[in-house]
Amino acid sequence: MIRVRFAPSPTGHLHIGGARTALFNYLYARHNNGRFILRIEDTDRTRSTEEYIDTIIEGMKWLKLDWDEGPFRQTDRFDVYRDYTERLIREGKAYRCYCSPEELEQRRKEAITQGQPQKYDGRCRNVEKGQSIKVSEDQSKNAAVRFKMPQEGQTVVDDLMRGKVVFENNQLDDLIIMRSDGTPTYNFTVVVDDVDMKITHVIRGDDHLNNTPKQIHIYKALGYDIPLFAHLPMILGADKTRLSKRHGATSVMVYKEMGYLPDALVNYLVRLGWSYGDQEVFTREELIKYFSFENVGKSSAVFNPEKLLWLNSQYMINTSSEDLTKMVMPFLIQEKIINEEQPLDKVWLSKAIATLKERAKTLVELAKTLRYYIVEDIEYNEKAKAKFLNEKSRDLLIELKDALTSLPDFSVSEMEKIFKSMIEKHNIKLGNLAQPVRVAITGGTESPGIFEVLDIVGREKTLKRLDRAIRVIQNQ
RNA sequence: GUCCCUAUCGUCUAGUCCGGCCCAGGACAUCGCCCUUUCAAGGCGGUAACGCGGGUUCGAAUCCCGCUGGGGACGCCA
C-alpha cells in the first residue's frame, strides 16, 4: 500500500507551490489506490497559527484534494519526539549542546566573512560527560540537543525524479533536533512522523533535497527503513526567483476570491511540470489515470498567470450554466448586484449566464457582466453614450420602441423580423441599429447578440430603457 | 564561500532513456486574416527555441566532457 503525505507548516496560507506539492501527492496516491495523509507541521510555535491551519484546510477542500487520514498535528505529538530524542542521547547518537543561539550566530557570521563553511564546529559534541566544560545548572537546563552526523564517507539519496544524488558526509552538520525550550525541530519530526505514519513515498519540493541525507542518517540511527523520495522542481515567479508575494497572488484562496474555478487552478498547476503529450485540459479522472513521475519535468517552472486565465476561461465555457449559476451567486452579492435575500429566478439566470460564459474569463467578470440583466437601471458608458445615443439614432430607437411595444410575441425570431425590416426600410446596416440599442439596454458597446439580450432582459425593461435612452438624447 | 539540482520558442512543454521520422511539434501570449450586429468564442496563418565550446558518430536537441546561465540549500524555520 502506497502512503504519501502533504505536510505544510501553518506559517502562511496554502500557496501555489504548496498546493502543487499537495496535488502531486494526491494524484500519486489516487493513481496507485494509496492513502493520502495530511499532516500539519507546527513545531515552530512562534510562527504557526490556528488561523493558517484553517486556511490551509480550507484551500485543500476548495481544490478538492481530499485526504484519507489526518489532519495530524505535530504539536499533539511532542511526547513521542521527546522519547525518541532521549533514546538517541542514551545511545550516544545525539548530545546536548550548550552553545547559545547568539554565540552560534556570531560564529556563523565570522565563518561567512572568512569564507569558511557555515557549519557547526562540533564543540559540544564530545563533552557530554562534562569533563572539559563547566556547565551551570541554568545552561544545562536550557541545552539544545544535536544529532551526531557521520563525518566520513558518502550518503546517497536515491530519488525517483533525479536518480542517485551523492553527498559528502563531511558537508553534513550536527543539526539540532530539539530546541532548548524542549520543542523538536523539522528535520527530526519529519522522520519520526513519516516512520510512524508508514509513509512509503516522500514527495516534496526540491528545496528539501539537501535535507534528505541528514534525514537518512536519522532514519538509520532510529533503525528504520528509508522511504522512497521524489523531489519536485520548484515554481518560480516571472523574474525566475522563488515565487513569493512580490509576484502577486500566491495564496490559493486569493484565486478563489478572484473568481477562478478550483478545477482550472488544479489543471494549471498540474501542467506546471507535468505533461501528457499535447493535452492541455484534463478531467480529474484523467489526471488520476495518467499521472506518473515519468512525465514530470526536472527543471523549475515559471508561474504564468495568463495561461491560468485562459484555462479558467476554458473551464467557464465547459461548465454547465446551472453549475455556474450556483458558483456566481457569492460574486453577485460581492459586486452588490443582488443582496442576500433577493429572490432570483435560477432558470432565468442560468439562461443569462449561457450567453455570457464564453465572454467571461472569471466568475468575477461573469458577475459584473450579468449586471445589466439583473439590475433595474443601467449606467451608460460615457464613450458609448456619446457615440451611439445621438440625433442619428433617436428616430430609430423611437420606431423600434413602438414596434416592440405592439409586438404580440416578444421572441428572438419576432424581434429579428422587426430589426430586419427596419434596416431595409432605412437602408442601413444592422450595426447602425443594433449598437444604439445595445447602449440603451446594456449601457455599453459589448454584449452577447442583441436579440438574446433583449429576450433575457424582457419586454418591460427593454421598453423602459429604450424610453430612457430616447429622453437622454432629447435632453442633450 | 561550500554543497546540491537544472538547461528546447517570452512562458508552460513534446521530443532526450532506445542518435536519423525534428531545417524541432503542441499550448498560452503576441501579430495578421476569416466569421460577424458589438464583444467574445471559434477557424486559418505568421513571428519565435535546441545556452556556448569541444568531442564521439556517416549522422546529435538526443551520447560524453568542459564552460556559462538559472534555481535551491547551508537556522534553536519548515
Side-chain angles (χ1 to χ4, degrees), chain A residues 7-12 41-44 46-48 97 99-101 104-105 108 111-120 142-146 157 159 161-162 165-168 170-173 175-181 183 185-187 189-190 204-213 231 233-234 236 238 240-242 268 271-281 294-295 297-311 313-314 317 356-361 369 384 388 419 423 429-435 437-439 442 444-451:
Chain A
S9 75
T11 53
E41 309 228 321
D42 55 351
T43 55
D44 182 349
T46 58
R47 294 200 299 156
S48 301
C97 175
C99 303
S100 71
L104 293 167
E105 182 58 28
R108 221 175 347 253
I112 291 168
T113 52
Q114 288 169 27
Q116 298 295 309
Q118 303 169 47
K119 193 177 146 180
Y120 179 62
N142 289 312
V145 178
R146 279 186 193 271
V157 176
D159 192 271
M161 292 282 310
R162 299 166 200 286
V165 183
V166 180
F167 293 86
E168 295 293 330
N170 60 24
Q171 297 288 330
L172 269 28
D173 203 316
L175 54 86
I176 285 176
I177 56 174
M178 187 162 285
R179 300 183 184 92
S180 45
D181 66 1
T183 60
T185 62
Y186 165 72
N187 278 107
T189 58
V190 75
R204 75 228 306 190
D206 220 350
D207 47 340
H208 288 288
L209 185 54
N210 288 292
N211 288 323
T212 311
H231 287 94
M234 313 215 62
L236 311 178
K240 302 236 180 181
T241 61
R242 202 182 172 138
Y268 177 73
R271 282 285 290 105
L272 226 44
W274 178 83
S275 63
Y276 189 76
D278 286 339
Q279 191 170 341
E280 293 286 350
V281 181
E294 276 180 35
N295 300 319
K298 293 183 191 175
S299 54
S300 43
V302 172
F303 184 80
N304 181 203
E306 286 173 334
K307 187 160 182 181
L308 170 59
L309 226 209
W310 170 79
L311 251 182
S313 71
Q314 293 297 308
I317 290 169
L356 287 171
K357 64 181 188 179
E358 70 182 29
R359 284 161 234 268
K361 291 185 190 302
T369 48
F388 293 106
F419 273 68
I423 62 172
K429 288 184 185 160
L430 181 52
N432 297 131
L433 176 58
Q435 281 304 78
V437 175
R438 199 179 318 269
V439 176
T442 70
T445 54
E446 305 158 11
S447 86
I450 194 65
F451 308 121

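Just so we're clear, the structure is a prediction, and the values are computed from it rather than from any experiment. A note on names: the letters A, B, ... follow the listed sequences, proteins ahead of strands, and every chain is numbered from 1.
- Using a 4.0 Å heavy-atom cutoff across all strands shown, A:Glu41 reaches sugar-phosphate atoms only and no base atom.
- Contacts of A:Phe451 classified as ring pair (Phe, Tyr, Trp, His ring centres under 6.0 Å), with partners at least two apart in sequence or in another chain: A:Phe419.
- Across all strands shown, nothing is found opposite B:rU57 as a Watson-Crick or G-U wobble partner with both distances under 3.5 Å.
- In this structure, A:Thr43 reaches the B:rA78 phosphate: one of its side-chain N or O atoms is under 4.0 Å from OP1 or OP2.
- In the interface, the side chain of A:Arg271 is not paired with the base of B:rU13 through any donor and acceptor atom under 3.5 Å apart.
- On the C1' atoms, B:rC44 is 16 Å away from B:rU36, given to the nearest whole Å.
- If you check every strand for non-hydrogen atoms under 4.0 Å, A:Thr189 touches nothing.
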If you restrict it to nitrogen or oxygen atoms, what contacts under 3.5 Å exist between nucleotides 72-74 of chain B and the protein, and what is each distance?
residue, atom, partner, partner atom, Å
B:rG72, OP1, A:Arg242, N, 3.2
B:rG72, O3', A:Arg242, NH1, 3.1
B:rG72, N2, A:Asn210, OD1, 3.4
B:rG72, N2, A:Asn210, ND2, 3.1
B:rA73, OP1, A:Arg242, NH1, 2.4
B:rA73, O4', A:Asn210, ND2, 3.4
B:rC74, O2', A:Gln118, O, 2.9

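- Within the nucleic acid shown, A:Val166 comes within 4.0 Å of sugar-phosphate atoms alone, with no base atom in reach, counting heavy atoms only.
- Counting any heavy atom pair closer than 4.0 Å across all strands shown, A:Ile176 reaches a base atom.
- Residue contacts shown for A:Ser447 include a base, since a base heavy atom lies under 4.0 Å away.
- For a distance-only test at 3.5 Å, the side chain of A:Ser180 qualifies as a donor-acceptor partner of the base of B:rC76.
- Looking at residues two or more places apart in sequence or on another chain, you find a ring pair (Phe, Tyr, Trp, His ring centres under 6.0 Å) between A:Phe303 and A:Tyr268.
- Within the 4.0 angstrom heavy-atom criterion, base atoms lie near A:Ile450.
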I'd like a list of close polar pairs between nucleotides 21-24 of chain B and the protein, N/O only, cut-off under 3.5 Å.
none

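- Using a 4.0 Å heavy-atom criterion, one finds that A:Ser299 contacts the sugar-phosphate atoms exclusively.
- A:Arg179 and A:Thr183 share a side-chain donor-acceptor pair at under 3.5 Å.
- The ring pair (Phe, Tyr, Trp, His ring centres under 6.0 Å) search around A:Tyr120 returns none, not counting sequence neighbours.
- Within the nucleic acid shown, A:Pro233 has no heavy atom closer than 4.0 Å to any nucleic acid atom.
- Counting any heavy atom pair closer than 4.0 Å across all strands shown, A:Phe167 reaches sugar-phosphate atoms only and no base atom.
- Base pairing analysis places B:rU68 opposite B:rA7; the two distances defining the Watson-Crick or G-U wobble pair are each below 3.5 Å.
- Among the heavy atoms of the strands lying under 4.0 Å from A:Gln314 are primed sugar atoms or P, OP1, OP2 only; no base atom is included.
- Here B:rC77 is the nucleotide among B:rC77, B:rU37, B:rU11 with the atom lying nearest to any side-chain atom of A:Arg179.
- Searching all strands for a Watson-Crick or G-U wobble partner of B:rA29 with both distances below 3.5 Å returns nothing.
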At a cut-off of 3.5 Å, list every protein nitrogen or oxygen paired with a nitrogen or oxygen from nucleotides 28-34 of chain B, distance to 0.1 Å.
residue, atom, partner, partner atom, Å
B:rC28, O2', A:Lys307, N, 3.4

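- Side-chain polar atoms of A:Thr185 and A:Asn187 form no donor-acceptor pair below 3.5 angstrom.
- At the heavy-atom level, A:Gly273 lies under 4.0 Å from the strands shown only through sugar-phosphate atoms.
- A:Arg359 contributes a side-chain N or O that forms a donor-acceptor pair with the base of B:rC39 under 3.5 Å.
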